[in-house]
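Below you'll find the structure, written out as structure tokens, and then a few comments.
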Amino acid sequence: MSIKQKLKSNKLIREIGKKINIDYQFRQDAKDFSKNYVEEAVKKGDFRYSILLLVHSLEKGMCMPNPRPYGLDKVKELIGYLNAYSETRREEFEYQLGVSALFAWTDFFEKHNWQSELAYNDVIVFLKDKNRNAGFQAGAKLYRPGDTFVDAKVYEEMFLSRHSVRDYQERKIDLADVQFALKCFVETPTACNRQMCRVYYIQNQEITDLLNHVVIGVPGFNKKTVQYFLITYDLASFAYSGERQQGLFNAGLCTMNFINGLHAKGIGSCCLQWSNKYKQDVEVREKLGLRDSERIGIVVGAGYYLDENIIPCSVRRRSEDVFQII
Ligand SMILES: Cc1cc2nc3c(=O)[nH]c(=O)nc-3n(C[C@H](O)[C@H](O)[C@H](O)COP(=O)(O)O)c2cc1C
């Protein structure tokens, strides 16, 4: 027995070791958060999430029951970020969204006759040579849920029939069949609509081999048929310490919608926890070429459903076990 094994066989030493490890891993996460959160991103010239945060705030101001002139500092801050975009980057989503939100804001001020506000004029000057037609429209809109809910029953059946599967047809996933899942992914609600998550479909054999090797929960899968998607989140989107757990939470919501979208198109999947230690996480991120501020949320194993699968029953608690009125 090696010294390491001997130490590990001692319950107390194992417990202390685990606690030291937990502390170390959380500290690394804290350091990463401080190094990459939204204000640090701005220092590095990355305004994407600052723009999204400002746009969200301006849009919400248009939905208040008793609106007052608002957002006077925010529009100026937004213009500051937009002005920093070079001509070549003005097709980017965040730039276009910022401009569209400013048009909506001026429309809103005009509707309420608030043109005398100083900031209004600054925005008009900025928008003078800008194009209203971004292909989408920011601002506020009327939403009538009754108009969109056609057949709740179909939705219920689809939603409740998904199960994790770990073997798949020996067939490459057609990108056309992923489009609906991607739509589900982008339609997922995220905190302040910051949309900080991304999906990578891994086709590179070297990276597939790496994931086969490092993903902790993959034993038991048919490695010949599993294809991987990787879901990430971006630390550059978070504003302050209270948001330290936002990344995984938002990635979780996006992943759920994504795998339901795959399911609707006949693609089975299984989430694979990314519980890897910090060092390995860094290694894989580097291999994937992720942004410095981007973090892995989860890996999804997927492929077309086999006609029949043997799966764990994964028995659920009763609804009343998880529900309490306080
Ligand atoms: C965040 C998350 C991580 C998971 N990690 C693994 C994993 O590493 N290996 C695995 O075989 N299954 C994994 N699963 C699948 C769960 O075991 C499965 O979803 C659960 O048992 C419920 O079964 P169902 O998906 O068939 O309804 C994971 C699921 C989630 C949501």
Side-chain angles (χ1 to χ4, degrees), residues 21-22 25-26 29 154-169 173 178 180-182 184-185 188-191 196-202 207-235 244-281 283-285 288 294-323:
N21 237 329
I22 290 169
Q25 308 283 332
F26 269 104
D29 286 346
V154 174
Y155 176 78
E156 281 169 27
E157 277 167 15
M158 184 56 67
F159 184 78
L160 293 175
S161 63
R162 185 213 55 82
H163 276 295
S164 298
V165 291
R166 296 165 179 85
D167 191 8
Y168 314 92
Q169 288 181 31
I173 297 173
V178 183
F180 177 65
L182 287 176
C184 296
F185 186 92
T188 306
T190 52
M196 70 301 276
C197 301
R198 291 172 71 88
V199 190
Y200 294 88
Y201 177 27
I202 310 297
I207 296 177
T208 303
D209 292 343
L210 176 69
L211 292 178
N212 277 336
H213 179 65
V214 299
V215 170
I216 290 165
V218 86
F221 275 66
N222 185 344
K223 299 249 180 76
K224 276 207 242 127
T225 60
V226 63
Q227 294 164 69
Y228 292 119
F229 292 93
L230 195 104
I231 317 289
T232 66
Y233 59 94
D234 199 332
L235 293 174
R244 67 196 180 280
Q245 312 286 10
Q246 281 274 30
L248 285 170
F249 189 77
N250 286 268
L253 293 176
C254 291
T255 304
M256 194 64 241
N257 262 2
F258 182 67
I259 65 175
N260 274 332
L262 291 177
H263 174 56
K265 296 289 172 188
I267 300 171
S269 69
C270 182
C271 292
L272 288 157
Q273 55 188 304
W274 188 248
S275 329
N276 300 55
K277 293 213 172 125
Y278 185 78
K279 196 163 159 257
Q280 196 161 52
D281 180 52
E283 270 170 34
V284 176
R285 280 194 270 124
L288 286 160
E294 215 174 347
R295 291 293 172 275
I296 300 170
I298 199 159
V299 177
V300 174
Y304 289 103
Y305 280 118
L306 296 170
D307 287 341
E308 292 190 338
N309 304 266
I310 306 290
I311 60 165
C313 289
S314 296
V315 176
R316 302 305 211 258
R317 297 181 197 281
R318 296 163 306 173
S319 310
E320 55 268 37
D321 295 338
V322 299
F323 180 69

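Because the structure is predicted, anything quoted here is derived from the model rather than measured. When a ligand or atom number is given, it counts from 1 through the structure's own listing order.
Of the possible polar contacts, none joining the N250 side chain to the Y233 backbone as a donor-acceptor pair under 3.5 Å is found. Distance alone, capped at 3.5 Å, places no donor-acceptor pair between the D281 side chain and the I296 backbone.
In terms of the side chain to side chain contact (heavy atoms under 4.5 Å, CB included) criterion, residue partners of R244 (sequence neighbours excluded) are, by chain and number, F33. For Q227, the side chain to side chain contact (heavy atoms under 4.5 Å, CB included) partners two or more places apart in sequence, or in a different chain, are K172, I173, Y201.
Counting only residues at least two apart or on different chains, the side chain to side chain donor-acceptor pair (under 3.5 Å) pairs with a member in residues 304-316 are D177-Y304, H263-Y305.
Among all heavy-atom pairs drawn from M158 and S161, the shortest one is O-OG, 3.1 Å.
Around ligand 1, the residues contributing at least one heavy atom under 4.0 Å from the ligand are R162, H163, S164, R166, G217, F221, C270, C271, L272, Q273, I298, S314, R316.
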